[in-house]
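Here, residue 1 is the first one in the sequence, and each next residue gets the next number.
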Amino acid sequence: MASLFRSILIADDEPSIRHVLSLVLSELGYEVRAVADGEEALRELATRGYDLLLCDVRMPRLDGLSLLRQALAAHPSLTVVVMSAYGSQAQALEAVGAGAYDYVRKPFKPEEIVFVLRKAEERERLLRENRRLQGAGISATGDNILGESEPMRAVMRQVDRLAPVGTTVLITGESGTGKELVARALHARSPRAAMPFVAVNCGAISAGLIESELFGHARGAFTDARTARRGLFSEADGGTLFLDEVGELPAPAQVKLLRVLQEGEIRPVGENRAEKVNVRVLAATLRDLGRLVERGEFREDLYYRLNVVNVRVPPLRERSGDIPLLARSFLSRFNRELNREPPVLGLGPGTEALLCAYAWPGNVRELENAMERAVLLADGEWISPQNLPERLGFSSGGASAPSVPRSPVAPSGADADLSLKRAIRDLEESYIRAALRRTRGNRTRAAEVLEISHRALLYKLKEYGIDADAEGEHG
């Protein structure tokens, strides 16, 4: 993934530190400028824009904390990481409290700085996405959860009722239905709207790192913990934390999450004392948490804490009346994003009927992908059936009844044994089912066994029509 930060300003009175950091970061493709004190750093910030400031705490003329406060007052969007060879935990926390993203203690290895920068970039990516959604009207009002059908009107009525209160909400629905958009709408319409909205996919983080990611860790808490870092609960303090795929949380993290919901406090890995946090938790899952509780894979007390109120996001097949509205919205967006000239004006004859007749097992996300493809392939100003994926049922000889995608039909007769494509698909499907049985339906562990990403596994489950929970019951 491309780096979001382009320019970095280093402020440190040690020439060796400036030299090493400039060399390492320049080799990574950053534009780097290094200065020796806080006053020079302020002058440099005034002359050109920087994405990130990396500054020492102890510097002549203007110390790092003073530089931090003045720099953020003049450049609120600047990301600041503090370095300190002298500071205590209290001093580091003072810097974070004054607006620094994180801190690193000297002596450090260059890769430790790179690690912190990568995490800062990930945070900036989330912030930019939030601003993009605000610009589209999603975070501001939730109105870009497009839908005029009664099922979606019912969802938005729930959002309006639940947004002003701090109740924990469990958002359920199939993959691709827009559960995160519902979470963003709940946040945007709440009194916490001006505070951070932080989203994390619990199934995309390995079991060994999830506690550190959520709750943070102290320096030296484990082998690679060369610096202390804040967790996502601290990032979301005052705002909302959205836990997607919460059913994938391992047991130790479930215990800690329950404590946050009950006591409003976190304990970073390796720390002896707890920290108070004020975070509204929204969770989402496509798994049946009740079934996981019955199988002993999810804590019953945590389930009831999360499921105070349930918002079910309907699949697209239950709100087919919204398909034309969504399709046109996606067309408008991809016209802009793909710089389409001339722009696509809309859906041509027969196209809307095909879209509305299809079952959309991948829901809104599948429709979005289909519209992006259609904009790319359209020869003229209108989307024709030929521009749609073949699975929607159109062929050059005419339209046939659309259907949910199936595995390709094997060749008939003697040729059936020679279909390499079918053999590979059958083998892949059998491996996936075996991994799910071995892990009792746990998608995260199954993905690790198969050595594929969690997202790739979810795609394969949808492609082959595999019920992970049902397979797990046969394990």
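Considering all non-hydrogen atoms of both residues, Thr439 and Arg445 come closest at O-NH2, 3.6 Å. Across every non-hydrogen atom of Leu355 and Trp360, the tightest pair is O-NE1, 2.8 Å.
Using a 4.0 Å cut-off between charged side-chain N and carboxylate O, Asp469 and Arg287 make a salt bridge. Comment: Lys106 engages Asp12 in a salt bridge, judged by a side-chain N to carboxylate O separation of less than 4.0 angstrom.
Between the side chain of Lys462 and the main chain of Gly362, no donor-acceptor pair closer than 3.5 Å is present. With hydrogens and angles ignored, the 3.5 Å screen pairs a side-chain donor or acceptor of Arg153 with a backbone N or O of Glu148.
Applying the side-chain contact (heavy atoms from CB on, under 4.5 Å) criterion to Leu72, with sequence neighbours excluded, gives Leu68, Leu78, Val80. Applying the ring pair (Phe, Tyr, Trp, His ring centres under 6.0 Å) rule to Phe233 yields the partners Phe215; only residues at least two apart in sequence or on another chain are considered. A search for side chain to side chain donor-acceptor pair (under 3.5 Å) contacts involving Asn363 returns Glu174, not counting sequence neighbours.
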Please test Leu25 against Ile10 for side chain to side chain contact (heavy atoms under 4.5 Å, CB included), starting from the C-alpha separation and ending with a verdict.
CA-CA 10 Å; Leu25 297 178; Ile10 300 168; 4.2 Å; yes
Check the pair Arg230, Glu275 against side chain to side chain contact (heavy atoms under 4.5 Å, CB included), reporting the backbone distance first and the verdict last.
CA-CA 11 Å; Arg230 304 168 73 207; Glu275 302 173 10; over 6 Å; no
Stepwise side chain to side chain contact (heavy atoms under 4.5 Å, CB included) test for Asp237 and Asn278
CA-CA 5 Å; Asp237 197 18; Asn278 175 21; 3.8 Å; yes
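Two residues are said to be in side-chain contact when any heavy atoms from C-beta on lie closer than 4.5 Å; Val279 and Val260 fail this criterion. You'll find the side chain of Leu52 stays beyond 4.5 Å of the side chain of Tyr30, heavy atoms only. Side-chain contact between His187 and Phe242: absent, with no pair of heavy atoms (C-beta onward) separated by less than 4.5 Å. Looking at Val155 and Arg319, their side chains never come closer than 4.5 Å, going by heavy atoms from C-beta outward. Looking at heavy atoms from C-beta onward, Leu21 lies in side-chain contact with Ile113 at the 4.5 angstrom threshold. Contact check for Leu249 versus Leu257: side-chain heavy atoms found under the 4.5 Å cut-off. Contact check for Asn369 versus Arg365: side-chain heavy atoms found under the 4.5 Å cut-off.
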Sequence neighbours excluded and cut-off under 3.5 Å, please list the side-chain donor-acceptor pairs for residues 263-270, or say none.
residue, atom, partner, partner atom, Å
Glu265, OE2, Arg259, NE, 3.3
Glu265, OE2, Arg259, NH2, 2.4
Arg267, NH1, Asn272, O, 2.5

When the side chains of residues 195-205 are checked against the rest of the protein, which donor-acceptor pairs come out under 3.5 Å, sequence neighbours left out?
residue, atom, partner, partner atom, Å
Asn201, OD1, Gly203, N, 2.9
Asn201, OD1, Ala204, N, 3.4

Per-pair distances, 0.1 Å, donor-acceptor, side chain in residues 304-313, under 3.5 Å, sequence neighbours excluded:
residue, atom, partner, partner atom, Å
Asn307, ND2, Tyr303, OH, 3.4
Asn310, ND2, Leu170, O, 2.9
Asn310, ND2, Thr172, OG1, 3.1
Arg312, NH1, Glu318, OE1, 3.3
Arg312, NH2, Glu318, OE1, 3.3
Arg312, NH2, Glu318, OE2, 3.0

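If you take CG on Leu367 and CG on Leu392, they are separated by 9.0 Å, rounding to the nearest 0.5 Å. For the atom pair CD of Glu368 and CG of Leu326, the computed distance is 10.0 Å after rounding to the nearest 0.5 Å.
At a cut-off of 3.5 Å, with distance as the only test, no side-chain donor of Ser332 or Arg328 sits close to an acceptor on the other residue.
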